[in-house]
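All ligand and atom numbering here is 1-based and tracks the order in the structure. In this text, all values refer to a predicted model and were calculated from it rather than measured experimentally.
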Amino acid sequence: MKLNDEEQAMLDGRRGEACRMALALLVRYGEALGAERFVDVVNIAGVPASANKFVKEYFRPYYQSGRDEYDVIFSLYDLDGEAVAEVPRIAGNACHLQGGIDPENWETLGATPESLQLSEASEAYAREHGVRILKTCTPYLAGNIPRRGEHCAWMESSAVVYCNSVLGARTNTEGRESTSAAMLTGKIPDFGLHRDENRFGTHLIQVEVEVADIMDWGMLGYFAGDRVQEHVPVLTGRIGNADLLRHKHFGAAAASSGGVELYHMVGITPEADTLETAFGQRRTQEIFRYGPGERRQTWEMLNANGRSTEVDFVMLGCPHYTLEQIEEVVAMLGDRRISGNCRLWIFTSRAVRAIADGKGYTEAIRRAGGVLLTDTCSAIGQAIPPGARVAALDSAKQTHYLPAFMGIEAWFGSTRDCINAALSGRWNASPP
Ligand code: F3S
């Protein structure tokens, strides 16, 4: 890695021990990746100093009298440092992504007072150090919107793919260590999607069946990720209603069945005015067709795990629901109550929840027997209602993960399919 004067000063310890350890970690990381330099980043999304019971216990022997335990966790875990340093205030636009617990509805999630206390303590530490506590996988819905071309350092695969593809900003899928180190140094290795040559498309997907509603966008994303894995798909054809929340579902799905961090949709996304712009100097490695057969196969793949039609859990909000989605659910519920055999959990960010509260949506969901939760989700928080066996989901990403994480059956369908399941306690949706 070639370091400039500012970076060398950090590595020499002239900005303190924590910055030195942070830059040393990023140098090791950059060298492992084959990067030659850093890019400057001010927009960083991570989970600095977050701690669960295991992390706290693991580092307990290192807590020395007078040492802040979160300085210990940040230094030794986040920065992989060799000593405990006092962590300075973070400059720039750093935000905290989702956590594992809703501080208001922690009992609903089955959390313990101890885990609530841990979550609140690490959140307070991050806040005191200048991190914005957004606690969501959709920071772009909660006020963090980088500009086109801006270098960022973001964790969370669904946010990364949105950042690159929809906003045209630039980030790789970073980890806890690199984002925490970037928060102190404002640096991240210049590799992968920070570089022009890696942002061109690799595979073409011709969409030959109409893709317009959210469920269809999720299925198309799941198909795209499954086909291209970690490459860059370019999509053309019958793609309609290309709004923010459809991209949210497409990208999250593509990053689950594959490792898609960037996609282009010709005439839709910012780096794909034309097919030629999207592919640039690269040649198409492979062409895939997405027609009625592929759509049906994708639906079957997502529903391979559903057996019993007796649904006892409906989970919505992966990625975290937009206000518009909450509004739609409230309208679908109307004055009705959900089945006594079913639970309805809807996840969103604190920012969206605050607006939903003001508009009476949180209360309307509660009256119907459901709950609007924040900060986490069933997969990340590893939380489902006690005894739940069969879930209904409108997110391809959550359908991909939840059965594996929690050992339950899952059905995938439209939001209306899921609300119908919540009201009746039965899955009654047919393939598209
Ligand atoms: Fe978000 Fe959980 Fe899905 S934190 S993207 S809702 S897996």
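In this pair, F347 and W345 present their aromatic rings perpendicular. The plane angle is above 60°, beyond the 30 to 60° band. Aromatic ring pairs are classed by plane angle as parallel below 30°, tilted from 30° to 60° and perpendicular above 60°; the pair Y70 and Y125 is tilted. Note: F288 and F223 have perpendicular aromatic rings, judged against thresholds of 30 and 60 degrees for the angle between ring planes.
Residue K397 holds the heavy atom nearest to atom 5 (S) of ligand 1 of all those in Q398, H400, K397. The heavy atom nearest to atom 1 (Fe) of ligand 1, considering only C137, A159, P319, is found in C137. For atom 3 (Fe) of ligand 1, the candidate residues are S256, C318, A252, S378; the nearest heavy-atom contact is made by C318.
Which parts of ligand 1 touch G317 is read off a 4.0 Å heavy-atom cut-off, strictly below it: atoms 6 (S). Close approach to S158 involves these atoms of ligand 1, each under 4.0 Å from a residue heavy atom: 5 (S). Numbered from 1 in the order shown, with element, the atoms of ligand 1 that lie under 4.0 Å from a heavy atom of E156 read 5 (S). Those atoms of ligand 1 that come under 4.0 Å of a heavy atom in I380, given as number and element, are 2 (Fe), 4 (S). Proximity to Q98 (heavy-atom distance under 4.0 Å) selects the following atoms of ligand 1: 4 (S).
Atom 2 (Fe) of ligand 1 has an N, O or S atom of C377 inside 2.8 Å of it.
Two rings, from Y222 and F412, have their centers 6.0 Å or more apart.
Results of the side-chain hydrogen bond (donor to acceptor under 3.5 Å, both in side chains) test with N164 over E261, H264, R199 single out R199 as the only residue that passes. Of the options R350, R353, H320, a side-chain hydrogen bond (donor to acceptor under 3.5 Å, both in side chains) to T136 is made by H320 and by none of the others.
When all heavy atoms of H194 and V39 are compared, the closest pair comes out as ND1-CG2, 4.0 Å.
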